[in-house]
Structures are given as C-alpha cells and as structure tokens.
Amino acid sequence: MNVFQYFAANSAQILALTQQHFLFVLICVGVGSAISIALGLIVSTGEPSPTRFSFDWWASGIREGSLLITAAVLTVPSLALFVLFLPITGLGVTTAIIVLTIYTLYTVLRNTVAGLTSVDRAILESARGLGYGRVRRLLTIQLPLAWPVILNGIRVTTLISISIAVVASIVQGPGLGKLLLTGITRIGAANAFPQVLIGTFMCLVVAAVFEIFFAIVQRLTIPRGIRV
C-alpha cells in the first residue's frame with residue numbers, strides 16, 4: 001500500500017489514535033499548568049528584597065528551588081523517565097499521564113514567575129496606596145498583566161508535549177506513539193513507512209489544532225493593548 005491507500009484502509013484507527021493523542025496532551029498540560037500557576041501565585045507575591053525569615057523570604061527560596069528542580073527534571077531523557085516510573089505505577093495510562101505532566105511543569109512555572117515578578121512595582125505600590133491587600137493585588141493586577149506571558153508558556157509546553165507524548169507508547173500510553181513505534185520497529189517491512197509518515201503528519205495536525213485553540217484563547221482573554 002502507498003500512504004493514501006494505508007490511510008483509507010485504516011482511517012478509523014488513525015483518527016482514534018489522533019483523538020487519544022490530543023486528549024492525552026490536553027489533560028497533562030491542563031493539570032501541569034494548574035499546578036504550576038498555583039505554585040507561581042503562591043511564591044511570587046512577595047517583595048523584591050524581603051527581610052530574613054519573613055514569608056516573602058521563604059517564598060523566594062521555594063520559588064528558586066521549584067524552578068531548579070523542575071528544570072533538572074526537564075533535562076532527564078523522556079525515555080528514561082518513563083522507564084523509571086514503571087516500578088512505581090506500572091504499564092499503562094497512569095504512568096504516561098504522570099510523566100508527561102511532570103514535563104509540563106517547568107516552562108509554565110518559569111513563565112508564571114517571570115510574568116508576575118515583571119509587573120511594574122510602581123503599579124503595585126499605587127494599588128497598595130488604594131488599600132489593595134496582597135492577594136487582591138495579585139489576582140486583580142499582577143495576574144491579568146502576567147497572563148500573556150503565562151499563556152505563551154502554556155502554548156510552548158503544549159507543543160513540546162505533543163512530541164514527548166509519542167514516547168509514552170513504550171509504557172503502553174495512549175496516542176499516535178503506538179502507530180509510530182510500530183512503524184519504526186518494522187521499518188523495511190510492508191506498510192512500515194506509511195505508518196511512520198502518517199503518524200508524524202497527524203502529530204502536526206494535533207499541533208495545528210492546539211495553535212488555533214491558543215489563538216482563539218489569546219483573542220478572548222488578552223486585551224489588544226497588552227498582547228505579546
């Protein structure tokens with residue numbers, strides 16, 4: 001079979017795997033982003049030069065430690081991390097979701113911290129003078145101004161996760177990795193090349209769908225004057 005014949009003969013399976021891949025990435029990025037943004041909000045509410053042993057001083061330490069740990073995890077090869085979790089969570093979707101979620105943390109956390117801490121201090125001081133408390137300043141001023149940077153971090157980690165999700169097939173994870181892994185292990189055999197080519201193309205389709213989604217979210221949630 002050529003590529004088109006293979007797609008026509010296996011379209012139902014290919015589309016099902018594509019849907020799995022999309023949902024797999026969506027769930028992991030959603031969970032990872034929620035964790036990262038919540039952590040970023042907690043540790044980025046303090047002063048630029050906090051006094052020793054104050055809440056802001058501890059928050060600053062937690063912030064730097066969190067960034068260091070998540071950055072270190074990001075350097076671990078994805079294949080190795082999937083295998084390392086096998087003795088703990090075994091084969092299947094659970095291991096795939098946990099590992100991919102871990103890979104989404106650093107980029108979103110870094111952008112959250114960068115966005116929140118880059119807000120002009122004069123704006124925050126003005127809000128304080130108007131009687132805004134710490135939490136109110138964070139949620140009504142810092143978060144909206146930092147949202148374009150945070151959203152960009154979510155977008156970047158989503159595109160990275162689409163490719164990492166392929167590796168999850170080695171632990172029987174969902175998605176297009178099954179098609180790609182089968183094709184790669186059978187390279188040279190009949191229909192192996194169509195499997196790899198179609199699997200790669202459908203990953204690009206998933207990426208395109210996410211790009212359209214983020215373009216819509218950007219239009220709906222970010223005022224034109226602060227879009228980046």
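With rounding to the nearest 0.5 angstrom, the CD atom of E64 is 11.5 Å from the CD1 atom of I62. We find the CG-CZ distance between L176 and F24 to be 11.0 Å, quoted to the nearest 0.5 Å. From T157, atom OG1 reaches atom CG of L109 across 11.0 Å, with rounding to the nearest 0.5 Å. Considering CG of L81 and CD1 of I102, their distance stands at 5.5 Å, rounded to 0.5 Å. Here the straight-line distance linking atom CD1 of I37 with atom CD1 of I150 works out to 5.5 Å at 0.5 Å rounding. With rounding to the nearest 0.5 Å, the separation of CD1 in I198 from CG in N191 is 9.0 Å.
Residues L100 and I160 share a hydrophobic cluster, clusters being chains of Ile/Leu/Val/Met/Phe/Trp/Tyr side chains in contact below 4.5 Å. A chain of hydrophobic side-chain contacts below 4.5 Å, direct or via other Ile, Leu, Val, Met, Phe, Trp or Tyr residues, connects I222 to I154. Cluster annotation: L105 is not connected to I69 through the hydrophobic network of ILVMFWY side chains, with a link wherever side-chain heavy atoms come within less than 4.5 Å. Linking Ile, Leu, Val, Met, Phe, Trp and Tyr residues whenever their side-chain heavy atoms come within less than 4.5 Å leaves V31 and Y106 in two separate clusters. A continuous path of ILVMFWY side-chain contacts below 4.5 Å connects F85 to V171, so both sit in one hydrophobic cluster.
In this structure, C203 and L180 have side chains that are in contact, with non-hydrogen atoms separated by less than 4.5 Å. In this structure the side chain of F210 reaches within 4.5 angstrom of the side chain of I162, judged on heavy atoms. The closest side-chain heavy-atom distance from S60 to V43 is not below 4.5 Å. The shortest distance between side-chain heavy atoms of M202 and H21 does not fall below 4.5 Å. Between L124 and Q142, the closest side-chain pair of non-hydrogen atoms falls below 4.5 Å. Looking only at side-chain heavy atoms (C-beta outward), T112 and V108 come within less than 4.5 Å of each other. Here the side chains of S78 and Y103 are in contact, with some heavy-atom distance below 4.5 Å. Within the 4.5 Å cutoff, the side chain of L17 has heavy atoms near those of the Q20 side chain.
D120 and A122 make their closest contact through OD1-N, 2.9 Å (heavy atoms, listed as atom of the first residue, atom of the second, distance). The two residues A96 and G173 have their closest heavy-atom pair at CB-CA, 3.9 Å. Summarising the geometry of S118 relative to G115, their closest heavy-atom pair is OG-O, 3.0 Å, with the distance given to 0.1 Å. Nearest heavy atoms, V196 versus I184: CG2-N, 3.7 Å. Closest of all the heavy-atom pairs between T117 and A114 is OG1-O, 3.4 Å. For the residue pair L159 and A207, the shortest heavy atom distance occurs at CD2-CB, 4.2 Å.
Checking side-chain atoms of T70 against main-chain N and O of L67 turns up a donor-acceptor pair under 3.5 Å. The backbone N or O of G92 lies less than 3.5 Å from no partner atom in the side chain of T95, so there is not a single donor-acceptor pair. With hydrogens and angles disregarded, a donor-acceptor distance shorter than 3.5 Å links the side chain of N10 to the backbone of Y6.
With S161 as the fixed residue, the side chain to side chain contact (heavy atoms under 4.5 Å, CB included) test singles out one of T104, T101, V156: T104.
The environment of Q19 atom CD is sparse: at most 12 non-hydrogen atoms of other residues, nucleotides or ligands sit within 6.0 angstrom. The 12-atom threshold is not exceeded at CZ of F193, counting heavy atoms of other residues, nucleotides or ligands nearer than 6.0 Å.
Taking the centre and axis of the six-membered ring of Y132, the NZ or CZ atom of R128 falls outside the cone set by 45° and 6.0 Å.
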*Mind running side-chain contact (heavy atoms from CB on, under 4.5 Å) on L143 and L138 for me, showing each step along the way?*
CA-CA 6 Å; L143 183 58; L138 179 67; 5.7 Å; no
*Test side-chain contact (heavy atoms from CB on, under 4.5 Å) on L39 and S66 and set out the steps.*
CA-CA 9 Å; L39 181 59; S66 300; 3.6 Å; yes
*Quick one: do V83 and I170 satisfy side-chain contact (heavy atoms from CB on, under 4.5 Å)? Show the steps, please.*
CA-CA 8 Å; V83 172; I170 66 167; 4.2 Å; yes
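The salt bridge (Lys or Arg N to Asp or Glu O under 4.0 Å) test applied to R155 returns E211, not counting sequence neighbours.
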